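Just so we're clear, the structure is a prediction, and the values are computed from it rather than from any experiment. Both ligands and their constituent atoms are indexed starting at 1 by order of listing.
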Amino acid sequence: MSGRAQAGQLVLKVIESWGVKRIYGLPGGSFDSMMNALYLERDNIEFIQVRHEEAGALAAAAEAKLTGRIGVTFGSSGPGAVHLINGMYDAREDHVPMLALVGQVPTRFMNTDYFQAMDEEPIFADVAVFNRTATTAEGLPKLIDEAIRQAYTHKGVSVVTIPKDLAWTEIDDAVPTSAPYWRTPLLPQPDPAAIRDALDVLSTAKAPLLYFGVGAKHAREELIELSDKLKLPMVSTHPAKGIVEDSHPAFLGSAGRVATKPAVEAGANADVILWVGNDIPFAQVVANPEAKIIQVDIDPAKFGKRLPLVVPIQADAKATLRALIDASEEAVPTAFYRASLANKRNWEEWIASFSSDARTPLRPEPIFDIVNEQAGPDDVFLVDVGNVNINFARLAHLLPTNKWSTSGKHATMGYAVPASLAAKREYPDATVYSLSGDGGFAMLNEEILTQVKYHLPVINVVFSNRTLGFIEAEQRDDSHQPLSGVDLIDADWAKVGEGMGALGFTVNTLDEAREAFAAAKAADRPSVIDVNLTGDMPLTTMYMHLSEHDDPAAVAEFQAKYEAQPLKALDYWLEQESAAE
Ligand code: FAD
């Protein structure tokens with residue numbers, strides 16, 4: 001026999017029916033009726049009270065990136081709604097499902113220039129795949145179910161705006177959920193003719209490369225097997241780091257600016273590129289413009305979007321890689337393959353030469369060395385936006401069991417600390433690191449309060465170099481202009497952390513770093529480790545001068561600037577390997 005329940009409570013029951021465990025947000029008056037529902041449902045769904053709605057939306061986006069499950073966030077009408085929008089774009093740009101519940105003034109006050117009232121649908125029109133305002137209490141739970149299905153189907157953000165009075169209204173207590181019937185979309189299988197075409201093109205190559213993105217995240221074994229069989233060095237996009245372990249000898253890292261030297265040089269010199277589940281916006285920079293591209297993607301809208309192709313294969317990455325493995329003959333290693341692996345070894349030896357470097361202000365290598373040493377296979381890393389992406393990409397040694405995320409394409413600063421809330425709640429036994437520059441950390445560090453409130457012992461690392469380093473390098477190297485607006489005043493971030501109830505560590509020396517990281521790992525509360533980092537920029541992979549065929553003065557200047565004397569350009573290794581043939 002059916003009973004009665006508040007529509008807001010049924011909203012939550014529908015959300016729960018989709019397996020959602022928690023919801024991030026900050027109450028405001030227009031959301032009181034939904035807060036009442038959260039109170040009634042407190043045994044079934046956890047409310048995480050963040051201190052800024054943007055952080056709640058970023059935490060929900062991070063939860064979706066880490067788990068594949070829809071992230072849920074809310075904000076009240078007016079400012080709460082507006083604050084959500086940056087986190088929504090983060091979810092949209094990294095293609096993860098999100099549900100945002102947005103408060104609205106009671107229906108009788110809507111459209112009358114009321115306090116904190118605004119027409120909310122237009123502001124979410126661009127970011128959302130589904131964007132509706134509830135008009136009746138009876139229809140509200142069903143609307144939520146529709147919003148969740150749309151978010152999963154389109155890998156994007158659904159917004160449901162809820163006028164305050166509707167969520168309080170009692171309605172029939174049936175839970176209108178379609179969750180039991182949801183099926184993940186079937187993945188297209190490769191056409192055998194396209195597989196033959198791809199292998200024909202690959203068989204003509206002197207310098208073939210396997211360049212994969214997040215679309216290959218479920219295909220680690222196939223990537224490695226195909227790389228080994230056809231002797232293809234592997235390069236990934238930045239967010240695809242960790243799919244193949246960093247220690248794999250043929251995995252060169254990512255290309256572009258957030259990049260390693262061997263990966264950039266491999267992309268620039270490859271003559272055929274097998275481009276798998278990869279939609280890097282910098283495709284024209286990272287691939288040799290003369291290279292023949294074989295693109296594998298499940299989405300037909302991606303073919304030729306970034307680069308001209310010779311073979312488009314509309315199919316799942318894993319199935320396609322398997323079909324290529326099955327249909328191919330073992331290849332002999334090319335000079336390009338052997339040179340790329342030697343180039344990686346040379347790069348790693350150069351990085352390792354700084355791992356015990358005790359110069360102050362500190363270089364990033366010894367700090368990551370400490371993290372690599374103490375990190376376990378299940379540890380989780382949340383990476384902010386800026387030079388920290390470059391250092392993480394180059395210096396963190398990930399295993400496929402490690403989890404990590406950043407704000408990949410939206411690239412919003414302030415990502416790491418909010419994202420750590422989701423990571424530590426979801427993986428309580430893992431050590432969780434938020435890694436930020438002092439620019440990114442300044443933006444949303446109030447969420448240390450949330451870490452403290454919910455007993456989330458996250459290790460928050462702040463790499464303080466007192467500049468917006470990524471932009472400083474861009475202004476200097478790309479735009480060739482005087483530095484403008486990038487300098488940052490320093491703050492005592494350890495004290496800021498302490499003021500919010502975390503442990504605070506100021507790290508000026510390598511010994512202090514070792515002590516701080518050990519103490520933070522052992523602690524049962526959050527910590528903030530403020531590392532006094534060098535203001536020197538990471539070696540640029542965009543404008544390298546290391547080749548013997550380069551202007552010797554430019555090489556000498558580049559080597560001196562980055563202490564890069566031991567680094568050899570790929571053409572050095574190619575000449576060595578060609579001579580050995
Ligand atoms: P997505 O954009 O998610 O694309 C994945 C692709 O896989 C899509 O085309 C999708 O249709 C397809 N796909 C999905 N499932 C499957 C399947 N089953 N089979 C086949 N295909 C599938 N990244 C770099 O690499 N280099 C840089 O220099 C760089 N600089 C950055 C700088 C900063 C400060 C930041 C924060 C990020 C930077 N990034 C960089 C990241 C970059 O902005 C993008 O986020 C990234 O390139 C996107 O990676 P992706 O193409 O792998 O993922």
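Between Asp297 and ligand 1, a contact under 3.5 Å exists for at least one N or O pair. Among the atoms of Phe282, none of the N or O lies under 3.5 angstrom from an N or O of ligand 1. Looking at Ser236 next to ligand 1, no N or O pair under 3.5 Å apart turns up. For Ala411, no nitrogen or oxygen atom sits less than 3.5 Å from a nitrogen or oxygen atom of ligand 1, counting backbone and side chain alike. Between Ser407 and ligand 1, no N or O atom pair is found at a separation short of 3.5 Å.
Using the six-membered ring where Trp is involved, His545 and Phe558 have ring planes that are perpendicular, over 60° apart on the 30 and 60° scheme. Ring-plane geometry between Phe392 and Phe381 is classed as tilted, the angle between the planes lying from 30 to 60 degrees on a 0 to 90 degree scale.
Heavy atoms of Lys302 found under 4.0 angstrom from ligand 1 belong exclusively to the side chain. Only the side chain of His95 comes within contact range of ligand 1, with a heavy atom under 4.0 Å; no backbone atom does. With a heavy-atom cut-off of 4.0 Å, Ala216 does not touch ligand 1 at all. Counting heavy atoms under 4.0 Å from ligand 1, residue Val385 touches it through the side chain alone. Contact annotation for Asn389 and ligand 1: only side-chain heavy atoms (C-beta onward) come within less than 4.0 Å of the ligand. No part of Glu93 comes within 4.0 Å of ligand 1, judged by heavy-atom distances. In Pro239, the part holding a heavy atom less than 4.0 Å from any atom of ligand 1 is the side chain.
Atoms of ligand 1 lying under 4.0 Å from any heavy atom of Gly256, numbered from 1 in the order shown and given with element: 28 (O). Per-residue contacts place Asp299 under 4.0 angstrom from the following atoms of ligand 1 (heavy atoms of the residue considered): 11 (O). With ligand atoms numbered from 1 in the order given, ligand 1 contributes 44 (C), 47 (O) to contacts under 4.0 Å with heavy atoms of Pro281. Under a 4.0 Å criterion applied to the non-hydrogen atoms of Gly213, ligand 1 contributes the atoms 52 (O). Residue Ile280 approaches ligand 1 through these ligand atoms, each under 4.0 Å from one of its heavy atoms: 24 (C), 25 (O), 26 (N), 47 (O), 51 (O). Within ligand 1, counting atoms from 1 as listed, the ones closer than 4.0 Å to a heavy atom of Lys409 are 43 (O), 45 (O). Near His218, meaning under 4.0 Å from one of its heavy atoms, ligand 1 places the atoms 18 (N). Interface of Asp316 with ligand 1, defined as ligand atoms under 4.0 Å from a residue heavy atom, comprises 17 (C), 18 (N), 19 (N).
Ranking protein heavy atoms by distance to atom 50 (P) of ligand 1, first place goes to Thr237 OG1, 3.7 Å. The protein atom (non-hydrogen) at minimum distance from atom 51 (O) of ligand 1 is Asp279 N, 2.6 Å. In terms of protein heavy atoms, atom 42 (C) of ligand 1 is closest to Gly408 O, 3.5 Å. Looking only at heavy atoms of the protein, atom 27 (C) of ligand 1 is closest to Ala255 O, 3.5 Å. When hydrogens are left out, the protein atom nearest atom 30 (N) of ligand 1 is Val258 CG2, 3.3 Å; that is the closest non-hydrogen contact. Of the protein's non-hydrogen atoms, Gly215 O, 3.2 Å is the one closest to atom 17 (C) of ligand 1. Of the protein's non-hydrogen atoms, the one nearest atom 19 (N) of ligand 1 is Ala317 N, 2.8 Å. Shortest contact from atom 5 (C) of ligand 1 to any protein heavy atom: Gly277 O, 3.5 Å.
Between the side chains of Thr467 and Glu472, at least one donor N or O sits under 3.5 Å from an acceptor N or O. Side-chain contact of Arg51 with Asn445: a donor-acceptor pair under 3.5 Å is absent, judged by distance alone. Using modelled atom types and a 3.5 Å distance limit, the side chains of Asn86 and His410 yield a donor-acceptor pair. Judged purely by distance below 3.5 Å, without hydrogens or angles, the side chains of Lys261 and Asn343 pair a donor atom with an acceptor atom. No donor-acceptor contact under 3.5 angstrom links the side chains of Ser434 and Asp384, judged on distance only. Side-chain contact, Ser407 with Asp90: a donor N or O sits under 3.5 Å from an acceptor N or O. For the residue pair Thr73/Glu53, the side-chain donor-acceptor check at 3.5 Å is not satisfied.
The closest approach between Ala259 and ligand 1 stays at or above 4.0 Å for every heavy atom of the residue. Residue contact check for ligand 1: Ala315 places a non-hydrogen atom closer than 4.0 Å to it. Residue-ligand proximity: Lys318 is placed with every non-hydrogen atom at 4.0 Å or more from ligand 1.
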Are Asp94 and Lys409 close enough, and set up right, to give a salt bridge (charged side-chain N to carboxylate O under 4.0 Å, His left out), and what steps lead you there?
CA-CA 6 Å; Asp94 286 346; Lys409 183 141 163 290; over 6 Å; no
One pair to check against salt bridge (charged side-chain N to carboxylate O under 4.0 Å, His left out): Arg92 and Asp126. What are the steps and the verdict?
CA-CA 10 Å; Arg92 179 183 92 158; Asp126 180 56; 3.6 Å; yes
Should Glu225 and Arg322 be marked as a salt bridge (charged side-chain N to carboxylate O under 4.0 Å, His left out) after you check the CA-CA gap, both sets of side-chain angles, and the distance that decides it?
CA-CA 9 Å; Glu225 216 176 311; Arg322 178 55 59 201; 3.1 Å; yes
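Between His238 and Trp404, a ring centre-to-centre spacing shorter than 6.0 Å is recorded. With ring centers used as reference points, Trp275 lies 6.0 Å or more from Phe212.
Within a 6.0 Å radius of NZ in Lys229, more than 12 heavy atoms belonging to other residues, nucleotides or ligands are found. Atom NZ of Lys292 sits in a sparse spot, with 12 or fewer heavy atoms from other residues, nucleotides or ligands closer than 6.0 Å. Counting non-hydrogen atoms of other residues, nucleotides and ligands closer than 6.0 Å to OH of Tyr543 gives a total above 12. The environment of Gln284 atom CD is sparse: at most 12 non-hydrogen atoms of other residues, nucleotides or ligands sit within 6.0 angstrom.
The cationic atom of Arg257 (NZ for Lys, CZ for Arg) lies less than 6.0 Å from the six-membered ring centre of Phe470 and within 45° of the ring axis.
Between Lys217, Lys155, His238, it is His238 that holds the heavy atom closest to atom 25 (O) of ligand 1. Closest heavy-atom approach to atom 28 (O) of ligand 1 among the candidates Arg257, Met542, His410: Arg257.
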